[in-house]
Amino acid sequence: MRLIARFALEKKEKFEIIDVFDKEIKRTQIDKKTPFIKSIAHKYPAAIWMERKIKDEFGIDFEGCFDKRPAVKHERFPKDIYPLRKDFNKQEIDFCEFKPYSYEEIKGEGIFTVPVGPIHAGIIEPGHFHFSQAGEEILHLEVRHFYKYRGLEKMVEGKNPFEIQKIISRISGNESIAYQKAFFDILAKASCVEIPENLKRKQAILLEIERIIHHLTDLGFIPNDAGFAPALAFMSKLSEEARRVFYKLTGHRFAFDALKEEIFIDNKLLDEFLPYLKKEVEFFKNWINDIPSLWDRMDTTGCLSRKKALKYGVVGVAARASGIAIDVRDDDFYKNYGFKMQLGVKGEVADRFKLRIEEIFNSIEMINNLKTQENENFALGEIKDGEYMSFTESSIGELFMYLKIMEGKVERFFVRDPSFVNWQAFHTTIYKDIIADFPLINKSFDLSYAGNDL
Amino acid sequence: MLRFWKKRIKTGVITENLEFDRGLEEIKKEIKDKIKRYFAGSLAIRMVDSGSCNACEAECNALSNPYYDLQRLGIHFVASPRHADVLLLSGVMTFNMYHHVWDAYNQMPSPKWVITLGDCPYNLSVFEKTYAIKGVDLPVDFHIPGCPPNPENIIKGFLEFLKGFEK
Ligand code: SF4
């Protein structure tokens with residue numbers, strides 16, 4: 001079984017822990033006075049951060065867990081408050097005395113640490129990478145996150161679900177449509193209506209364009225991090241062009257707030273742009289294929305083994321590049337419009353690079369099939385109380401969203417961004433490489449920090 | 001590689017003469033003087049994300065694509081705050097980033113300026129205050145609005161900021 005998420009919520013009398021697996025959902029009620037539950041991190045290592053987060057936010061202890069350090073509560077965060085409990089309603093907390101975080105480090109003669117971040121040299125999001133080095137060789141890496149922790153899950157509590165759509169749009173800029181789609185599916189379920197086929201098709205088109213833009217950007221940055229700048233010039237030009245198309249289609253360069261009950265898509269624009277895009281990406285593929293020094297860097301680098309990927313429950317591009325056939329789009333709807341599972345072999349930087357190219361081709365083909373002139377009348381109805389879940393394949397991977405509505409208001413909102421599991425497997429990929437390969441490997445995964453930290 | 005150069009020559013220079021380039025033409029000399037006088041010939045910017053959704057960063061990265069090619073204006077992004085004239089700040093300033101952002105600011109040599117990028121650091125955009133958000137309390141000199149501001153508006157913002165030195 002694959003662990004998708006482990007999260008907590010507070011009920012009147014009890015806390016509840018929900019374990020979402022790919023084949024079943026387990027619920028455990030736990031006592032509020034001395035809240036504790038057995039850790040599952042030994043079997044499912046991706047549960048480590050999930051449990052640490054629950055401990056920080058709810059004060060629930062995990063029996064038998066081997067990592068008791070805080071996750072979202074950084075050095076100056078008050079330890080005795082549990083912000084996701086219902087009795088916590090402060091909007092302002094004060095800094096506490098600095099308590100150092102004990103990093104995973106390897107000690108020994110000649111071994112030194114290289115702390116990188118949270119603020120990085122380039123224009124990227126903040127996060128901390130803690131290397132233990134023997135010369136250039138990496139002995140260990142700890143990835144530490146939650147610098148961008150905005151408390152979004154709490155922020156939306158108590159609001160009408162329709163009120164929070166703008167926030168959902170802006171949780172992770174590169175995955176905006178995916179988040180909107182996940183939320184839209186939940187709203188549709190909560191109002192007991194089926195999303196009509198044509199609207200679904202248009203939503204899928206926007207989701208594929210978002211994916212294309214994300215892939216194009218990475219295809220430029222990956223070679224750039226291996227020192228091959230022309231690829232970045234080429235691809236940043238193309239991704240800018242794609243973003244402008246996105247703007248023309250949705251009125252926003254990142255399609256924020258674009259997933260409405262009625263969507264208009266200018267098919268003519270797509271007919272002009274997609275053949276051009278395809279030609280350009282084909283050119284790029286042939287051109288890059290002929291540059292052996294680049295493949296020297298990308299081959300054998302940053303290997304995520306199939307075994308580790310399965311163990312951590314890795315999803316999305318990262319999983320597929322390691323040969324694991326997992327994609328939310330692997331269903332009748334998408335297959336009907338031409339979805340083909342793309343798979344890599346070895347899980348190296350090169351596999352993720354090639355996979356992105358092939359996924360762009362597949363996305364173009366799907367968009368061509370998804371195009372439609374038709375429109376149905378559709379409106380989301382009145383929201384019914386209850387618990388709802390949805391899955392969407394963002395440009396990074398499987399996005400899981402949970403919403404509990406009580407008396408028409410958000411009682412609990414939970415998201416597991418694909419990055420949240422993938423980040424935890426990240427450190428397994430660098431042991432055969434030198435520290436200079438790190439930016440390249442990091443870019444080949446291109447995980448979200450904002451979505452991870454929320 | 002030959003194939004690439006063939007294509008490169010065929011494509012030519014695509015950097016756009018955006019409408020403000022005309023305006024730029026007019027103030028170019030002044031800006032150059034200002035940049036020369038105040039910024040030793042080039043304006044060095046250190047971008048720091050204090051809790052954004054990453055779209056503001058994506059638009060800053062887009063500034064370097066061939067359509068905008070920001071460097072032609074003498075404005076460039078630097079890797080260290082110690083090399084920077086301007087701190088460009090995005091995001092809502094989370095509790096967990098607060099001290100790191102101030103650290104970066106304190107590392108900058110004076111004179112120094114702070115520009116906020118996007119609605120997040122200015123008014124939290126669509127977000128609301130939570131326990132995990134501190135808000136910005138750096139001495140802000142200039143604000144570039146938008147959610148996110150597109151690359152063209154970011155460049156316009158930089159120019160407006162520079163114009164402030166004319167007074
Ligand atoms: S201002 Fe808007 S685009 Fe920029 S980080 Fe904030 S939410 Fe994202």
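Just so it is clear: chains get the letters A, B, ... in the order the sequence lines come, proteins before strands, and each one is counted from 1. Keep in mind that the numbers below use all heavy atoms, side chains included, and drop hydrogens, waters and symmetry copies. None of these values were measured; they are calculated from a predicted model.
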> Any side-chain donor-acceptor pair under 3.5 Å between A:E240 and A:S236?
no
> Taking side chain as everything from C-beta outward and backbone as N, CA, C, O, which of these in A:R253 sits under 4.5 Å from a heavy atom of chain B? Side chain, backbone, both or neither.
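Contact with chain B involves the side chain of A:R253 alone.
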> How long is the gap from OG1 on A:T217 to CG on B:N65, to the nearest 0.5 Å?
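So the gap between those two atoms works out to 10.0 Å.
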> Tell me, for A:N286 versus chain B, whether the close heavy atoms (under 4.5 Å) come from the side chain, the backbone, both or neither.
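Contact with chain B is through both the backbone and side chain of A:N286.
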> Would A:E241 and A:Y276 count as having a side-chain donor-acceptor pair, cut-off 3.5 Å?
yes
> Can any side-chain N or O of A:Q165 pair as donor or acceptor with the backbone N or O of A:Q180 at less than 3.5 Å?
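Judged by distance alone, no pair lies under 3.5 Å.
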> Which atoms of B:S125 are under 4.5 Å from chain A, going by heavy atoms: the side chain, the backbone, both sets, or neither?
side chain
> Has A:E210 got a side-chain atom pairing as donor or acceptor with A:S176's backbone, closer than 3.5 angstrom?
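Present.
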> Which of the residues A:S239, A:P230, A:G122 is involved in the greatest number of heavy-atom pairs with chain B at under 4.5 angstrom?
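Looking at each of A:S239, A:P230, A:G122 in turn, A:P230 comes out on top.
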> Looking at B:H99, B:H100, B:K129, which one has more heavy-atom pairs under 4.5 Å with chain A than the rest?
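The candidate making the most pairs under 4.5 Å is B:H99.
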> Taking A:R150, A:K166, A:M235, A:H120 one by one, which has the highest count of heavy-atom pairs under 4.5 Å against chain B?
A:R150
> Side chain from CB out, backbone as N, CA, C, O: work out which of these in A:P118 comes under 4.5 Å of a heavy atom of chain B, or both, or neither.
side chain
> Under 4.5 Å, counting heavy-atom pairs only, tell me which of B:A104, B:A62, B:S52 racks up the most with chain A.
B:S52
> Checking heavy atoms, do the side chain of A:F284, its backbone, both or neither come under 4.5 Å from chain B?
neither
> Do B:S90 and B:E57 get their side chains close enough for a donor-acceptor pair, meaning under 3.5 Å?
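B:S90 vs B:E57: donor-acceptor pair found between side chains.
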> Could you look at A:F254 and say if it's the side chain, the backbone, both or neither that has a heavy atom under 4.5 Å from chain B?
side chain
> Can you tell which part of A:K154 gets under 4.5 Å to a heavy atom of chain B, answering side chain, backbone, both or neither?
side chain
> Go through the atoms of A:V156 and report whether side chain, backbone, both or neither lie under 4.5 Å from a heavy atom of chain B.
neither
> Tell me, out of A:R243, A:K90, A:R170, who's got the most heavy-atom pairs with chain B below 4.5 Å.
A:R170
> Can a donor-acceptor pair be found between the side chains of B:Y98 and A:Y147 at a distance below 3.5 Å?
no
> Just by distance, no angles: are the side chains of B:T94 and B:K134 close enough, under 3.5 Å, to form a donor-acceptor pair?
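The criterion, which ignores hydrogens and geometry beyond distance, is not satisfied for B:K134 and B:T94.
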> Do A:S419 side-chain atoms and A:L447 backbone N/O form a donor-acceptor pair below 3.5 Å?
no
> Is A:Y247 in contact with chain B via its backbone, its side chain, both, or neither, using a 4.5 Å heavy-atom distance?
neither
> Using non-hydrogen atoms and a 4.5 Å limit, figure out which bit of B:F77 sits close to chain A: side chain, backbone, both or neither.
side chain
> I need the residue from A:P126, A:G220, A:S172 with the largest number of non-hydrogen atom pairs under 4.5 Å to chain B.
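Top count of heavy-atom pairs under 4.5 Å with chain B: A:P126.
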> Which bit of A:H252 comes within less than 4.5 Å of chain B, counting heavy atoms only: side chain, backbone, both or neither?
side chain
> Who among A:I119, A:D290, A:N174 has the most heavy-atom pairs with chain B under 4.5 Å?
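Between A:I119, A:D290, A:N174, the count favours A:I119.
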> Which region of A:I81, side chain (C-beta onward) or backbone (N, CA, C, O), has a non-hydrogen atom less than 4.5 Å from a non-hydrogen atom of chain B, or is it both or neither?
neither
> Considering only heavy atoms, which portion of A:I93 lies under 4.5 Å from any heavy atom of chain B: side chain, backbone, both, or neither?
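Both parts, backbone and side chain.
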> Between A:E280 and chain B, with a heavy-atom cut-off of 4.5 Å, which part of the residue counts as in contact: side chain, backbone, both or neither?
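When you check distances to chain B, only side chain atoms of A:E280 fall under 4.5 Å.
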> Given a strict heavy-atom distance threshold of 4.5 Å, which part of A:I123 is in contact with chain B: side chain, backbone, both, or neither?
both
> Would you check if A:N224 and A:K443 make a side-chain contact, meaning some heavy-atom pair closer than 4.5 Å?
no
> Kindly confirm or rule out a cation-pi arrangement of A:R144 over A:F129, judged by NZ or CZ under 6.0 Å from the six-membered ring centre and within 45° of its axis?
no
> Indicate yes or no for a side-chain donor-acceptor contact from B:D119 to the backbone of B:G146 under 3.5 Å, with no hydrogens or angles considered.
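Pair found, side chain donor or acceptor close to backbone of B:G146.
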> Sort B:C120 into side chain, backbone, both or neither according to what part of it lies under 4.5 angstrom from a heavy atom of chain A.
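Contact with chain A involves no heavy atom of B:C120 at all.
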> What part of A:R76 is in contact with chain B, defined as an atom under 4.5 angstrom from a non-hydrogen atom: side chain, backbone, both or neither?
both
> On the 0 to 90° scale, with breaks at 30° and 60°, tag the A:W287-A:F228 ring pair as parallel, tilted or perpendicular.
tilted
> Name the residue from A:Y449, A:W49, A:F445 that meets the ring-ring contact (aromatic ring centres under 6.0 Å, His included) definition with A:W423.
A:Y449
